[in-house]
Protein chains: 2
Amino acid sequence: MFIVEDEKIIELIPFLKERGLRITPQRILILQTIISIKGHPTVEDIHQKLPYISLATIYNNVKLFLSLHILKELPYGNGLSKYELANQPEHYHILCESCGEIIDFNYPNLKEIEHVACKLTSFKIHTHQMEVYGLCPTCQIQ
Amino acid sequence: MFIVEDEKIIELIPFLKERGLRITPQRILILQTIISIKGHPTVEDIHQKLPYISLATIYNNVKLFLSLHILKELPYGNGLSKYELANQPEHYHILCESCGEIIDFNYPNLKEIEHVACKLTSFKIHTHQMEVYGLCPTCQIQ
DNA sequence: ATCGCTGCAAATACTTTGCAATGGG
DNA sequence: CCCATTGCAAAGTATTTGCAGCGAT
């Protein structure tokens, strides 16, 4: 574990406590695992790293973290959702259509599109996401 | 049924035939239903309009149409995917976080982001999608 | 000591599959 | 007539739920 990762956990503990939620070993481990994986793990990925924690507990806590906006859901994976930390710098995703891998990339924030969408649809805008689809370097070869 | 809709079906029939696929009443009805709904139906929506067609047949054909790029999958819906016709003018989607409705809106094509993503990740780019999230006018009131 | 959380097992939801019967080409 | 397709039922996969017992506060 690195310092940056520990800092993230240390910020999250009081955040949970303030909301009357208990700091269980399972919650700490699930969060640590998501932080240390760095990518965009599925529930199954988390369970493989923490096989002694019940799948139901992982599902319940991922759902809890989503409702607290600690996690973001990436529903593009073939049926199974992937998750990432919510408090990250703004970025977009590129997805491999062959192997399903998701990579982050930076691009100037497209906030302008939110104004246009608001004018055209009268929605109250909250956020936006963008995904670029293609073939990753590995899958291009094969 | 309107002329534009019939034209779409009429284009699709030879497209299927050329590929050695059979023109079954079920396929015609499923396509007509998706065209006439205009929105972004789920498999369940299609089945409600065509209850006498087996769910399995609807799933199988939706999958077939996806592989033929007649349909596009919109995986944002809570677990269940929504579908739209693929041969539509370029547009983006705005999603209501409360009721799940998806509305199309126009915005100048963001092809530039594909070049940037390509340079940064070495992916071979195919396409991109963008979703804006917010509250629809109806859900803002409630 | 309380009551929120965990873990199990069962239930649910969505989708795919095996296979006999059907019907489009 | 042949074989792709349909429809059913069963299986598969992902997720949620009920509840007894545990353990964080």
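The sequence lines fix the lettering, A, B, ..., with proteins before strands; numbering per chain opens at 1. Excluded from the calculations below are hydrogen atoms, water molecules and symmetry mates; all remaining heavy atoms, backbone and side chain alike, are included.
Within 3.5 Å, no donor on the side chain of B/Arg22 pairs with an acceptor on the base of C/dG25, nor the reverse.
Atom CD1 of A/Ile53 and atom P of C/dT6 are 9 Å apart (whole Å). Per the geometry, CG belonging to A/Leu64 stands 13 Å off C1' belonging to C/dT6, to the nearest Å. Atom-to-atom, NZ of A/Lys17 to P of C/dG4 comes out at 17 Å; the value is rounded to the nearest Å. Here the P atom of nucleotide C/dC14 and the CD atom of B/Glu73 are 14 Å apart, to the nearest Å. Residue A/Tyr59 contributes atom OH, which lies 18 Å from atom P of C/dT12 at whole-angstrom precision. In this entry the distance linking NE2 of B/His47 with P of C/dA13 reads 16 Å, nearest Å. Going from atom CZ of B/Arg27 over to atom P of C/dG23 covers 15 Å, rounded to whole Å. Taking atom CG on A/Leu29 and atom P on C/dC5, their separation rounds to 16 Å, with Å as the unit.
In terms of modelled atom types and a separation under 3.5 Å, the side chain of B/Gln140 and the main chain of A/Ser122 share a donor-acceptor contact.
Among the atoms of the strands shown, base atoms are found under 4.0 Å from some heavy atom of B/Thr57.
You'll find the ring centres of A/His128 and A/Tyr92 inside the 6.0 Å limit.
For the side chain to side chain contact (heavy atoms under 4.5 Å, CB included) criterion with A/Ile37, the lone passing option out of A/Ile34, A/Thr33, A/Ile35 is A/Thr33.
Side-chain contact between B/Thr57 and B/Thr24: absent, with no pair of heavy atoms (C-beta onward) separated by less than 4.5 Å.
Nearer the 5' end of DNA chain C, as judged by each residue's closest nucleotide, is the contact made by B/Lys63, out of B/Lys63 and B/Leu21. Both B/Gly20 and B/Ala56 lie near DNA chain D, and the one whose nearest nucleotide falls closer to the 5' end is B/Gly20. For the pair B/Leu55 and B/Ile23, nearest-nucleotide mapping onto DNA chain C gives the more 5' position to B/Leu55.
Side-chain nitrogen and oxygen atoms of B/Gln26 include none within less than 4.0 Å of the OP1 or OP2 phosphate oxygen of C/dG24. Taking side-chain N and O atoms only, A/Asn61 has a distance below 4.0 Å to OP1 or OP2 of C/dT6.
Cluster annotation: B/Met130 is connected to A/Tyr107 through the hydrophobic network of ILVMFWY side chains, with a link wherever side-chain heavy atoms come within less than 4.5 Å.
Checking A/Asp104 against A/His40 by side-chain atom types alone, a donor-acceptor pair falls below 3.5 Å.
In 5' to 3' order, the nucleotides of DNA chain D bounding all contacts with chain A (an atom under 4.0 Å from a heavy atom) are D/dA14 to D/dT25.
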Derivation and outcome, side chain to side chain donor-acceptor pair (under 3.5 Å), residues A/Tyr76 and A/Gln129: CA-CA 12 Å; A/Tyr76 327 120; A/Gln129 274 184 242; 2.6 Å; yes
